[in-house]
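Let me begin by presenting the structure, written as structure tokens, before commenting on it.
Note: hydrogens, waters and symmetry copies are ignored here, and every other heavy atom, side chains too, is used. Not measured: the values here are computed from a predicted model.
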Amino acid sequence: MTGGILPDSAIRALFEASALKSDRALDPDQIQPASLDLRLGAKAYRVRASFMPGRDFKVVDKLEQLKLHEIDLEVGAVLETGCVYIVPLLEELALSDGIAASANPKSSTGRLDIFTRVMTDHGVEFDKIPAGYRGPIYLEVSPRTFPIVVRTGSRLSQVRFRSANTILGADDLSALHETETLVAGDNPIVTQAGIAVSVDLSGDKQGLVGYRGKHHTAVVDVDKRGALDVLDFWEPLYVRDRKELILDPDEFYILVSREAVHVPPDYAAEMTPFDPLVGEFRVHYAGFFDPGFGHSEAGGTGSRAVLEVRSHEVPFVLEDGQTVGRLVYERMEKRPDHLYGIDLKSNYQAQGLKLSKHFRSL
């Protein structure tokens, strides 16, 4: 099968062919090895509730029914927790019939517990853009734990383009793991749904296993790096004799995978939540892993997957080594010009347990 995820060079070509458009020049680091960061536009609309446009409507049609007020993002604005906002994005699409796309929150967005979903006119699925779509794109934004400051050009979501669906099945995934060690663990579980990833609750030398988000904090400016004190926003979590953690309902946790993760240069990966039927918890945000993540030649030896976890309805005991997610791998259309890691000064290469880039190290 030919085709696959479009690399950075092909994304640049989409702009050159006007399949991707923006009235504002691209940011220097906006194109990633296998994705494009999407930028907030000039206005946000506070709405009464989340919605799906549906086949018969444009997003603006539903906005007219549901918007409460309009917010100017040009000078920056606070988006409050528990509220839903719709933001037209700076980028627009004019895709050919052979190119489709899918979106996900950026890594830093997920680690701040900011719920985002991309919408299109006449859309029937969030975060899915059908082949041949022509028109504007919108982002639904709902901060869950911390109020945030955003402005025109802030980047909360990212999109991948594909010329064919080339997700690896169980046999191909097992063969790739044999040669490339995708997940550095003992006998990892490989199925048609992907390769299993488990949680590390063994702790570091001090017993630190993760963080729980605090309530009623100050705002987080999503465009400022290293500006915030960890302890103003997060409660460190420690284990002692028992390697387990009781998840409180509807609390937000940052944990880390037990296994190191590797994405070879000719592949891209995505973390998907583990089957919720195994327990009342889930990895809250799916996430893209770019080609080169965890790749030794790109400075990624030992890179772990950071996990954003919630329990629902009831407290749930999470134990060390418990499966919490799966990595799905897909072929690239061709190798990207730049890999995730040293060359791009990527934020989360060679990471262990790590909060988003907005916080100063303890």
Side-chain angles (χ1 to χ4, degrees), residues 3-11 29 31-37 102-108 110-111 158-185 188-198 200 256-274 283 285-308 324-352 354:
I5 300 291
L6 269 57
D8 44 16
S9 58
I11 295 172
D29 59 347
I31 297 177
Q32 302 295 320
S35 62
L36 172 73
D37 291 350
S102 59
N104 247 321
K106 287 174 58 64
S107 295
S108 296
R111 295 182 204 202
Q158 57 193 341
V159 63
R160 275 183 176 171
F161 302 92
R162 53 175 52 81
S163 57
N165 188 337
T166 55
I167 293 175
L168 301 187
D171 291 342
D172 288 339
L173 191 57
S174 293
L176 183 63
H177 176 69
E178 285 295 319
T179 59
E180 296 285 359
T181 311
L182 304 178
V183 171
I189 301 169
V190 180
T191 68
Q192 287 296 120
I195 187 165
V197 175
S198 65
D200 183 0
V256 70
S257 70
R258 192 177 189 180
E259 303 87 1
V261 170
H262 175 216
V263 184
D266 294 312
Y267 296 83
E270 180 178 352
M271 175 78 79
T272 61
F274 191 56
V283 177
Y285 300 97
F288 291 154
F289 288 73
D290 273 342
F293 182 88
H295 191 59
S296 58
E297 295 177 15
T301 301
S303 296
R304 307 297 179 95
V306 167
L307 311 168
E308 303 101 4
V324 291
R326 295 189 180 96
L327 279 170
V328 175
Y329 283 76
E330 189 166 356
R331 293 184 182 89
M332 297 291 297
E333 187 179 66
K334 69 174 184 176
R335 183 173 293 202
D337 291 341
H338 301 284
L339 297 178
Y340 188 92
I342 293 174
D343 290 345
L344 297 178
K345 298 181 180 179
S346 305
N347 291 305
Y348 304 120
Q349 186 72 299
Q351 70 181 357
K354 188 172 183 179

Sequence neighbours excluded - salt bridge (Lys or Arg N to Asp or Glu O under 4.0 Å) pairs with any residue from residues 163-177
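Those involving residues 163-177 are Asp172-Arg331.
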Between the main-chain N or O of Ser257 and the side-chain N or O of Arg304, is there a donor-acceptor pair closer than 3.5 Å?
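Yes, the answer is positive, given that a donor and an acceptor are paired below the 3.5 Å cut-off.
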When you measure from the side chain of Gln32 to the backbone N and O of Asp37, does any donor-acceptor pair fall under 3.5 Å?
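Judged by distance alone, no pair lies under 3.5 Å.
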Nearest-0.5 Å distance, [atom1] of residue [X] to [atom2] of residue [Y]:
{"X": "Leu327", "Y": "Leu168", "atom1": "CG", "atom2": "CG", "answer": "11.5 Å"}
{"X": "Ile195", "Y": "His177", "atom1": "CD1", "atom2": "NE2", "answer": "5.0 Å"}
{"X": "Asp8", "Y": "Ile31", "atom1": "CG", "atom2": "CD1", "answer": "7.5 Å"}

Heavy-atom distance under 4.5 Å between the side chains of [X] and [Y], does that happen here?
{"X": "Pro7", "Y": "Glu333", "value": "yes"}
{"X": "Met271", "Y": "Val261", "value": "no"}
{"X": "Glu330", "Y": "Asn165", "value": "yes"}
{"X": "Met332", "Y": "Pro291", "value": "yes"}

Considering residues at least two apart in sequence or located in another chain, which fulfil the side chain to side chain contact (heavy atoms under 4.5 Å, CB included) criterion with Arg160?
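Partners of Arg160 by the side chain to side chain contact (heavy atoms under 4.5 Å, CB included) criterion, ordered by chain and then number, come out as Ile5, Ala34, Ser35, Ser102, Ala268, Phe288, Asp290.
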Pro264: what forms a side chain to side chain contact (heavy atoms under 4.5 Å, CB included) with it, not counting sequence neighbours?
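Here the qualifying residues are Glu180, Leu182, His262, Tyr267, Tyr329.
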[X] versus [Y], closest heavy-atom pair with distance:
{"X": "Pro265", "Y": "Leu339", "value": "CB-CD2, 3.8 Å"}
{"X": "Val190", "Y": "Ala170", "value": "CG1-O, 3.7 Å"}
{"X": "Gly4", "Y": "Thr166", "value": "CA-OG1, 3.5 Å"}
{"X": "Ser163", "Y": "Leu6", "value": "N-CD1, 3.6 Å"}
{"X": "His295", "Y": "Val263", "value": "CB-O, 4.4 Å"}

